[in-house]
Number of protein chains: 2
Amino acid sequence: MPDPITGPRPTLEAVAARAGVSRATASRVVNGGAGVRAPLVDKVRRAVEELGYVPNHAARTLVTRRNGAVAVIIAEPEFRIFSDPFFAQQVRGISRELTANDSQLVLLWVEGRGDHDRIARYLGGGHVDGALAFSVHNDDELPALIEKSRIPTVFGGRPVEERSLAAPYVDCDNRGGARQAVQHLVSQGRRRIAHIAGPPDLTAAIDRVDGYRDVLIDADPSMVCQGDFTEKGGALAMAELLERHPDLDAVFAANDLTALGALRTLRERGVRVPEDVAVVGFDDMASVVEQADPALTTVHQDIEGMGRLMVKLLMRLLDETGGPAPASVITPTSLIHRASA
Amino acid sequence: MPDPITGPRPTLEAVAARAGVSRATASRVVNGGAGVRAPLVDKVRRAVEELGYVPNHAARTLVTRRNGAVAVIIAEPEFRIFSDPFFAQQVRGISRELTANDSQLVLLWVEGRGDHDRIARYLGGGHVDGALAFSVHNDDELPALIEKSRIPTVFGGRPVEERSLAAPYVDCDNRGGARQAVQHLVSQGRRRIAHIAGPPDLTAAIDRVDGYRDVLIDADPSMVCQGDFTEKGGALAMAELLERHPDLDAVFAANDLTALGALRTLRERGVRVPEDVAVVGFDDMASVVEQADPALTTVHQDIEGMGRLMVKLLMRLLDETGGPAPASVITPTSLIHRASA
DNA sequence: GCCCCTGCTGGGAGCGCTCTCACACCGCCG
DNA sequence: CGGCGGTGTGAGAGCGCTCCCAGCAGGGGC
């Protein structure tokens, strides 16, 4: 009774032989068992169990042309990746949803322009069924590169120019969220509301400034100060704003880290929050918010959910069974009321 | 003149036909061209260029049994991933080194115990040539699971129990680094040196406590306070220590974030750094250190280099051409002198 | 001038799987 | 009782590649 538990991995052939059926039938069972009679299904299942059979992925890919793998493309210039939990959280959502779809996550870390060739080759090489890319920088050629490779792609974050035929994207309602934040401040009677913006080459930052302006149509331009989505940047911008407008009574920070920096500066200057100046952030990033003192009022977005959504869109894109191409999705935001405003 | 630039991807067969050679020769050229005469090499290269040929990875894997892919296993319980740039930086090193070795990075995010089955199946399924795992938690069954799957693996961070036959690991000299830090404080004349430790189930944290004790053999146990590698934990622990020992004159924090929290508490209490209390951190994490005020003296470790090293060890492990199995590596640390101590 | 050896090249098998077809079998209706 | 449709099953052809091995030059030694 040969029972090769160890040694070379068993093939479908071996399973079929042990179950006393043909390779075709064994294959059918392994792939769901539709159209095979129960007793045979059982026999094959048992053989699979006993031999510890695991399908050879390469062989399957060779004939089906499906990889069961999706590339996640992260562009290096984003130094944020290191300091911003945003990506980690989104990747986590992506990972979860991919697992639910029996797909693997291949991480493609782009090391700047010089690396584009490699990426293009990889994407063109049919290693993955699709790609998820984060394209938020204005000057990035990456989207064009990806589009040219003709691989189904979903973007995270609104690309700068929305081409009509471009791949769909998932983003939160940055502009609407910003409006919520500022309106909240207004409703609290704040009248001199400043804004610490994010990097001007990120659409998220641009949209948030736009939302701010939507509410405060004729705000003094000097009430907006440039930050860079970091705590330090927020602290510096806050100092600058206090210099320009010692009488300001509220600040809308472009993200939570920036808000954290602003809070620090305010604390150092002995400005009370929220009594003297109210502060609102954006992102509702748990690991950041919990450090804030006082507790930070901020705009919440479902980051992990956005990651999952990206995968869902991609899966629909990959689904051959017709249906309209999925459209981009803007996810809603909500204001989380805490102590700072 | 048929020139299918678009349409189905060209095969080796097509390249061979266009170059007027056999498939075997074309294959040889594609794989380096050893043993093929120059004129033929040129012809094939040109055909590859013209047709835009890219080898089919699945077909290649099917016969060579090499995937050109490595799994990076990250265990979910580590909440740190979200707040600690450590992993991102290490993964970056891994990514770079893998690229240099023409391998892909498949991210395996383990979602707790219930997920172990999936991981085992994946690792056993021959999708990847090897694995890189981060095993730093005491209670993690993951190492056992991975070991059982018999896939070549290198660990990041010293596992709790060093089995003689276990996979190699890469870690920095946590204990030695801690010694350096404490010795530095001693050499500056500090006499009442406290320690804010990390989570007790992380070997890195344990080793750092041990290093502290190596230097201060008969330190009062109450001079060591539990932290959790976060800024908040550091701030709380610092407050606790000041309560217990108002006369302490130095603190060695188990990592930079902890040190940041300690600095915050000290500043709030009006304690001058380094005049009254000297502070030393661990990690030299750029994004953390730059926020520190005063600039943080800390123990430097080459995180990205460690990631690269993990890949190098794995590659040697995968290298069939004999040679001794690579041993674990402990990378050196160095004290970076700044203002806080 | 012959033979052997070295160095390239091509033919062909086969990696493990899926999927199309042809065929066998059963039950049912006429 | 014969024919017909439906359902299951198996044989076999590839998917695109690598690699073994046979074969065929060409050059040098005797």
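Proteins get letters first, then strands, A, B, ... in listed order; numbering begins at 1 in each.
Taking the six-membered ring for Trp and thresholds of 30 and 60 degrees, B/His127 and B/Tyr122 have nearly parallel ring planes, at less than 30 degrees apart.
Side chain A/Arg9 to base C/dG16: no donor-acceptor pair is found below 3.5 Å. With hydrogens and angles left out, the side chain of A/Arg23 and the base of C/dT18 share a donor-acceptor pair within 3.5 Å.
Within the 4.0 Å cut-off from OP1 or OP2 of C/dG11, not a single side-chain nitrogen or oxygen of B/Ser22 is found. Residue A/Arg66 places none of its side-chain N or O atoms closer than 4.0 Å to OP1 or OP2 of C/dT18. For D/dT18, one of the phosphate oxygens OP1 or OP2 lies less than 4.0 angstrom from a side-chain nitrogen or oxygen of B/Ser27. Contact between the side-chain N/O atoms of B/Asn31 and the OP1/OP2 oxygens of D/dT18 is found at a separation under 4.0 Å. Put simply, A/Arg60 has a side-chain N or O that comes within less than 4.0 Å of OP1 or OP2 on C/dT18.
Rounded to an integer number of Å, the gap from CD of B/Glu13 to C1' of D/dC17 is 10 Å. Here the C1' atom of nucleotide C/dT18 and the CZ atom of A/Arg65 are 12 Å apart, to the nearest Å. Between B/Leu12 atom CG and D/dC15 atom P the separation is 14 Å, expressed in whole Å. Atom NE2 in A/His57 sits about 11 Å away from atom P in C/dT18, given to the nearest Å. The nearest whole Å value for the distance from the CG atom in A/Leu51 to the P atom in C/dG16 is 14 Å.
Distances from the side chain of A/Leu40 to the nucleotides C/dC17, D/dT18, D/dT9 place D/dT9 closest. Counting only heavy atoms from C-beta on, A/Ala24 has its side chain closest to D/dA11 among D/dA11, C/dG16, C/dT18. Picking from D/dC19, D/dG10, C/dC17 the nucleotide with the shortest atom distance to the side chain of A/Thr25 gives D/dG10.
What you find for B/Leu123 and B/Ala71 is that their closest heavy atoms are CD2-CB, 4.3 Å.
Across B/Val48, B/Val44, B/Val30, B/Asn56, a single residue satisfies side-chain contact (heavy atoms from CB on, under 4.5 Å) together with B/Leu12, and that is B/Val30.
Atom CD1 of A/Ile146 is separated from atom CG of A/Leu132 by 9.5 Å, given to the nearest 0.5 angstrom.
With hydrogens and angles ignored, the 3.5 Å screen pairs no side-chain donor or acceptor of A/Ser27 with any backbone N or O of A/Arg23.
Between A/Val30 and B/Val21, the residue anchored closer to the 5' end of DNA chain C is B/Val21, taking for each the nucleotide with the nearest heavy atom. Mapping B/Asn56 and B/Arg37 onto DNA chain D by nearest heavy atom places B/Asn56 at the nucleotide closer to the 5' end. The 5' end of DNA chain C is approached more closely, in terms of each residue's nearest nucleotide, by B/Gly35 than by the other of B/Ala59 and B/Gly35.
Heavy atoms of B/Arg28 sit under 4.0 angstrom from at least one base atom.
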